[in-house]
Amino acid sequence: MPRSIRLFALALSAGLIVAAFVVGGDQLSDARWLAVLGLAWVLLMVGLWVPIPIGTATERRTVIRLGTTFAAAFVVLGAQLFRMQLIRSDALANRIESGGDGQIISNPRRVGLGLAVRRGEILSADGATLAGTEEIPLGWGRTYPEPSAASVLGYYSPLQFGTAGIEQAFDRELTGVETGNPFTEVRDELLHRSRQGNDVILTIESGLQRQAATSLGGRAGAAVLIEVGTGKILAMVSNPAPDPAAIFAGSYDETETAADYWDALLERDDRPLVSRALTGLYTPGSIFKVITSAAAIEMGIATPDTVYLDDGVLNVSGRQIIENNRPDDSVIEWTLEDSLAWSLNVVYAQVGLQVTADGLRDYARGFGFDAAIPFAQPVSRSQLEGQEGFLDSPPALADTAFGQGELLVTPLHMALVAAGVANAGQLMQPQILDRIVAPDGTVIREGQTEEWRRAIRPETAETVIEMMRHAVRTGVATGAAIEGLAVGGKTGTAEIAGQQPHAWFMGFAGTWADVTPRHAVAVVLENGGSGSIAVARDILLAAADR
Amino acid sequence: MAQPVPVTPGGSRRHYRPTLRLTEFQLLIAPALLTIVGLLTIYLAPRNDLLWSWGDVWVSLVYAGLIAGASIVFALARLRADQIVLPIVATLAGLGLLIIQRLQPDIAAIESGLAGIASRQVAYLTIGLVLMVVVALFRPAMPLLRRYKYTALVASLGLLAVTFVFGQEINGARLWLSFGPVQIQPSEIVKVTLLVFLAGYLDEKRDLLRDNWKVGGLSLPPLPWLMPMGLMWAASIATVVVLNDLGSGLLFFGIFLVMIYAATGRGLYVGLGLASFAIACVVLFQLFGRIAIRVQNWLNPFVDPYDSGYQQIQSDYAISSGGIFGTGLGLGQPYFVSQVHTDYVFAAFGEELGLLGTMAIITLYLLLVLRAFIIGLRADDTFDRLVAVGIGSIVAIQTLIILGGVLRVIPLTGITLPFISYGGSSLLTNFILVGLLLNISARRSRG
């Protein structure tokens, strides 16, 4: 074989394997990888097909050929080892499959490892233990002394079901795999030092979390309380949520009861394993009018005093919009401010048509629709229109402007929107991590307050804040008013075909002296009528005592 | 200043003077330290303290003494043999010694019959090293083997037949012959006799086999002289079909193919051999569910996770859990892999020594194989050369078969990992092969 071809073949086989490593990951199936290996072996043999002088005895020539063939095969074995122990090491070691009989098959080492490491604790910002660690016969067990935090924490089940929620989001820190210093990580692994978990301290405040859980009661839904200036999540509840204490099993006997509990969870119709605050997508209903208002005001289309005509019905390109929300049917002229307070759909349909589809898109995206919310855990994207161009039809635009259409939002996102309005139009990144503390007490990571996106100008925000306060003073949301506090908010009733509507409230509160409200809240109650206002009021009242 | 006295060549011949085997002796320090430090690690790791005495590592001290002793005996006997082979083999066998010591307490807790494997492994290693020394020093070994090549053929076929009639079935394969308390695995012996026959026969007939057979106007491969080879081919298929021993069948077939190529250099034979192998694979795949199951477990062991796929799944978990550095000797949980002390022993290394350890081990095997080939290249005699190449190929093929299977590069066919897996027959025959290799390397310089 000429030298150039040999070098090319060697480079090609090395390139193939490296490319398979780089591209590889989860995309490259085992069968394709084996094909790559086979091809690499053939190319290696070509590359090692060295010229042998003519006249060399046959048995010498054959020995060289055999030697290079075997050498190439050993290189292929080495490549496979690289894949199994380096490139795909974690994926293979953590592979979990169903056994076909309902049993889960996973790496039995996870059992020992999970329980052998002293997992870090999860604490609230005020120092209450949310997830604790205790010594058990097999190593270290998990306790959950604060049931109200269950929906935030997720679960931790080293023997069976893995992790979810905060237990999953900070698993590497809790198990001590990640210490914040790559050098010590490699050193500890090399020296096989046993790991110690780090404590994770959340921004959650235990009192507020308990209040939120109590206010929601057993009702399905979610509530999120955010500190306006920082984006810190002070309370976050999803209902129903699994009981992490029932899922954790610290012995083989306990795995059976845990499995029964798990099976029961899977059979429930209300899907308790879905974290509603982060991944529950709901129609927002009238709370979306806040965004429509912000767009209209900032675009100069309307002011709070602009008067719209509402005589109970509006015809948009053949679609009849019926008004049910007027407190007095004899009045047909309504200012924008009062329309928000009384949640007049006919008025907001007109505002939406003035704002136009592109205007509404701009401002909805400004408030974070269609965007991935930067957060420690996965959050569903809120949706403005189901398919591209939906808003271009006037009836669809009118529907969307008062909160129906194809809108879908998460509770966390709505809390961010309320906080963004209250924060002079600046949306902050939501934070749940306060800090991570190593066993020796050093802080290895701290939560950062960071801006996410600007939705509207401060002047616009000030106007919208005033409109929302007006709504609580005089409109549908008067139930949210708290003596001695300036509460602003908007209710929403999301119509769902064939079901009771979802009840929304989104708003904020601060003392009068404050220009900027301190806390923002979003509450949704599934098929819940109007109970969300009282829940939000309780939470904001409790937060005022901070 | 006194002038140095010139040493006249030949002058020393009348006086006995041992050959200095300094390279070998120096290289042996590595496996000696490896086994001592390794065993200490195994002893201390689960205890989490640093108290120990020399008595705790007596096994390794004995082993270090044995390999040093072998080297010293060679030096005293003035053996001018290759000095690299023994250190490589001693390292591999030392690793085997360590891993069996490490696994015994864990697997004996699962299966009480395995309680004595560590001390038995030490005994096998001792006998193996002694056999190696004897074979290496036994000068008439090669001429004798050449003379008795047909005896070797008869012995090979006879052993396989006897195994078929009297063999004990363990785990579905008929591998064992029992003589009272002693069990032997005849396929390991056949490995040697087959090699001897092929080398002798091919050495004698290689010129005939290199040419075509002229019958009238036709030019055909030399069929009459290929007949005994056909017999061997049939024997390896029979090993698979009748004894249900896939690994040995594949190994025999591999040796057969390698030897015929090494002797004749004809691609035609390799092509024919591979084609017949492919046909045999397809036919056997259709006929035997066992082979279809192997293929299924190769591509996705999770199809039958509790039964046939169990071992492979656990092996995957063990190897991948090792990562780069491994858990450290004695700190992993390789006992989840059933039968981890034999065919799947590499999974234990994967978990506890990590990528660095496994790469080192396959590099050692490759070095041993290439060293055997170099000895073959240097040999003056074709028979010697073929035997040396055959030994290298046996190590290579056996290693590739079992590691390829464990690492899921090819479907698994069970066979021992040379020098490392637990098992007397396997260790003894492999040490005899190493002895032969040393013997061959010494013959050239002996003239």
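Everything numeric here is computed off the predicted structure, so don't read it as measured data.
With respect to the salt-bridge test (charged N to carboxylate O, under 4.0 angstrom), the residues B:R206 and B:E204 do not qualify. One finds a salt bridge joining B:R146 and B:D381 here, because a Lys/Arg side-chain nitrogen approaches an Asp/Glu carboxylate oxygen to under 4.0 Å.
Taking 4.5 Å as the heavy-atom cut-off, the residues of residues 398-407 of chain B that approach chain A are B:T399, B:L400, B:L403, B:G404, B:L407, ordered by number.
Both the backbone and the side chain of B:V409 come within contact range of chain A, judged by heavy atoms closer than 4.5 Å. With a 4.5 Å cut-off on non-hydrogen atoms, B:Y310 does not touch chain A at all. Both the backbone and the side chain of B:A318 come within less than 4.5 Å of a heavy atom in chain A. With a threshold of 4.5 angstrom between heavy atoms, A:R61 approaches chain B through side-chain atoms but not through N, CA, C or O. Of the two parts of B:P334, only the backbone, made up of N, CA, C and O, holds a non-hydrogen atom closer than 4.5 Å to a non-hydrogen atom of chain A. Contacts of A:L34 with chain B are made by side-chain atoms alone, with heavy-atom separations under 4.5 Å and no backbone atom involved. Residue B:D304 does not touch chain A at all, counting heavy-atom pairs closer than 4.5 Å. Residue contact with chain A, scored on non-hydrogen atoms closer than 4.5 Å, involves the backbone and the side chain of B:S393 alike.
A cation-pi arrangement is found for A:R118 relative to A:W140, the charged atom lying closer than 6.0 Å to the ring centre and inside a 45° cone about the ring normal. Under the 6.0 Å distance and 45° angle rule, A:R6 does not count as a cation-pi partner of A:W49. For the pair B:R266 and B:Y261, the cation-pi criterion (under 6.0 Å, within 45° of the ring axis) is not fulfilled.
Each of A:G78, A:A31, A:A93 has some count of heavy-atom pairs under 4.5 Å with chain B, and the biggest count is that of A:A93. If you tally non-hydrogen atom pairs under 4.5 Å between each of B:I410, B:I324, B:I319 and chain A, the highest count goes to B:I319. Counting heavy-atom pairs closer than 4.5 Å to chain A, the top residue among B:A388, B:A262, B:G265 is B:A262. Interface summary for chain A: among B:G376, B:G392, B:G354, the most heavy-atom pairs under 4.5 angstrom belong to B:G354. Contact count versus chain A (heavy atoms, under 4.5 Å) is highest, among B:V369, B:L299, B:V258, for B:V258. When each of A:T62, A:T58, A:D90, A:V76 is scored by its heavy-atom pairs under 4.5 Å with chain B, the top score falls to A:T62. Options A:G38, A:A57, A:G67 differ in how many heavy-atom pairs under 4.5 Å they form with chain B, and the most are formed by A:G67.
Atom OH of A:Y261 is surrounded by more than 12 heavy atoms from other residues, nucleotides or ligands within 6.0 Å.
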(request) Given side chain to side chain donor-acceptor pair (under 3.5 Å), test A:T163 with A:D171 step by step and report yes or no. (result) CA-CA 8 Å; A:T163 53; A:D171 187 53; 4.9 Å; no
(request) Please step through side chain to side chain donor-acceptor pair (under 3.5 Å) for the pair B:Q312 and B:W298, ending with a clear verdict. (result) CA-CA 8 Å; B:Q312 186 67 60; B:W298 167 46; over 6 Å; no
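Remark: aromatic rings of B:F253 and B:F277 are close, center separation under 6.0 Å.
Aromatic ring pairs are classed by plane angle as parallel below 30°, tilted from 30° to 60° and perpendicular above 60°; the pair A:F248 and A:Y156 is parallel.
Test A:E134, A:E254, A:E135, A:E167 against A:R142 for salt bridge (Lys or Arg N to Asp or Glu O under 4.0 Å) and you get one pass: A:E167.
Contact of the A:R95 side chain with the B:Y317 side chain is registered, since non-hydrogen atoms from C-beta on lie closer than 4.5 Å. In this structure, A:W41 and A:L37 have side chains that are not in contact, with every pair of non-hydrogen atoms separated by 4.5 Å or more.
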